[in-house]
Amino acid sequence: MYDSGKGAGQAAQSKRKDARRNQQTLLDAATAVFVTSGVEAPVRDIAAKASVGIGTIYRHFPTRADLVIAVYRHQVDACAEAGPALLTTSPTPHAALGRWVDLFVDFLVTKHGLAAALQADNAGFDTLHTYFLDRLLPVCTQLLDAAAAAGEIRPGLTAYQLMRGVGNLCIGADSDPRYDARLLVTLLVAGLRQPH
């Protein structure tokens with residue numbers, strides 16, 4: 001009797017894992033499509049990339065805004081989780097910071113068109129911006145502090161200043177092929193180094 005209850009619980013848990021994995025696959029596919037085609041990309045392109053039917057996407061995300069918001073949060077979470085991992089796997093804290101900033105730039109690219117997708121939902125946009133700051137500022141601070149403590153970068157730069165600077169360098173990068181935002185961001189991160 002107890003076994004059947006345990007079996008049903010395990011089946012439900014396995015189903016939830018499958019649902020999370022399926023949603024993860026959809027979000028990864030949507031992210032990739034948004035990077036190349038923007039947030040207005042056809043849902044059929046996302047479905048094809050995820051190898052699912054269009055109905056599956058709409059079952060998880062009834063509106064485009066739902067999908068865009070989910071991708072945004074998914075990218076913020078991935079960027080936040082990457083920081084501590086990069087600190088443990090990179091050869092130096094400065095290298096970890098550089099790799100994290102690359103991920104942050106990737107995130108900023110997927111964010112293009114977010115405001116249009118949310119249209120007049122200022123409260124929704126503000127909520128996402130708060131989520132963005134709450135999740136990413138502490139991670140960027142941790143990376144900056146580690147690099148400063150190792151003597152690799154000048155102390156005193158705040159995470160907000162760095163993230164704002166990187167964001168400003170990325171503005172318009174998608175609309176001008178002559179502008180290489182990633183090159184300038186790389187120069188910015190290199191310029192943080194402590195002079196020897």
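If you're wondering where the values come from, they're calculated on a predicted model, not measured in any experiment. We're numbering straight along the sequence, starting at 1. What's counted below: heavy atoms across the whole structure, side chains too, no hydrogens, waters or symmetry copies.
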Rounded to the nearest 0.5 Å, what's the gap from [atom1] on [X] to [atom2] on [Y]? Could you check?
| X | Y | atom1 | atom2 | value |
| --- | --- | --- | --- | --- |
| Leu183 | Leu188 | CG | CG | 11.5 Å |
| Thr130 | Phe132 | OG1 | CZ | 11.0 Å |
| Cys170 | Phe104 | SG | CZ | 7.5 Å |
| Leu192 | Leu144 | CG | CG | 7.0 Å |

message: Run the side chain to side chain contact (heavy atoms under 4.5 Å, CB included) test on Gln142 and Trp100 for me, step by step, so that the C-alpha distance in whole Å, both residues' side-chain angles and the decisive distance to 0.1 Å come before the verdict.
response: CA-CA 11 Å; Gln142 180 185 19; Trp100 187 83; over 6 Å; no
Using the test salt bridge (Lys or Arg N to Asp or Glu O under 4.0 Å), find all partners of [X] that sit at least two apart in sequence or belong to another chain.
| X | answer |
| --- | --- |
| Asp77 | Arg135 |
| Asp134 | none |
| Arg73 | none |

According to side chain to side chain contact (heavy atoms under 4.5 Å, CB included), who are the partners of [X], at least two apart in sequence or on a separate chain?
| X | value |
| --- | --- |
| Leu184 | Leu169, Tyr179, Leu187 |
| Asp145 | Thr141 |
| Pro138 | none |
| Asp102 | Arg182 |

message: Between Leu27 and Gln75, is the side chain to side chain contact (heavy atoms under 4.5 Å, CB included) condition met? List the steps.
response: CA-CA 9 Å; Leu27 291 172; Gln75 288 295 97; over 6 Å; no
- request: Could you note down all residue pairs passing side chain to side chain donor-acceptor pair (under 3.5 Å) where residues 87-96 supplies at least one of them, sequence neighbours left out?
  value: Ser90-Arg99, Thr92-Glu152, His94-Arg193
Show the nearest heavy-atom pair for residues [X] and [Y], with the distance to one decimal.
| X | Y | result |
| --- | --- | --- |
| Leu86 | Ala96 | O-CB, 3.5 Å |
| Ala80 | Leu136 | N-CD2, 3.6 Å |
| Ala29 | Ile46 | CB-O, 3.9 Å |
| Leu162 | Cys140 | CD2-SG, 3.9 Å |
| Ala82 | Leu103 | CB-CD1, 3.4 Å |
| Val139 | Gly83 | CG1-CA, 3.6 Å |

Taking the side chain as everything from C-beta on, heavy atoms only, tell me whether [X] gets closer than 4.5 Å to [Y].
| X | Y | answer |
| --- | --- | --- |
| Leu26 | Phe61 | yes |
| Asp66 | His60 | no |
| Leu143 | Pro93 | no |
| Phe34 | Val68 | yes |

Side chain to side chain donor-acceptor pair (under 3.5 Å) involving [X] - partner list, sequence neighbours excluded:
| X | result |
| --- | --- |
| Gln161 | Thr158 |
| Thr36 | none |
| Tyr160 | Arg164 |

- prompt: Judged by modelled atom types alone, do His74 and Asp28 share a side-chain donor-acceptor pair under 3.5 Å?
  reply: yes
field: is_close_aromatic(Tyr131, Tyr72), centroid dist under 6.0 Å
entry: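 No, they do not, as the ring centres are separated by 6.0 Å or more.
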- request: Output every pair passing salt bridge (charged side-chain N to carboxylate O under 4.0 Å, His left out) with a member in residues 45-62, not counting sequence neighbours, ordered by first then second residue.
  value: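 Every candidate salt bridge (charged side-chain N to carboxylate O under 4.0 Å, His left out) pair involving residues 45-62 fails, so no pair, neighbours aside, qualifies.
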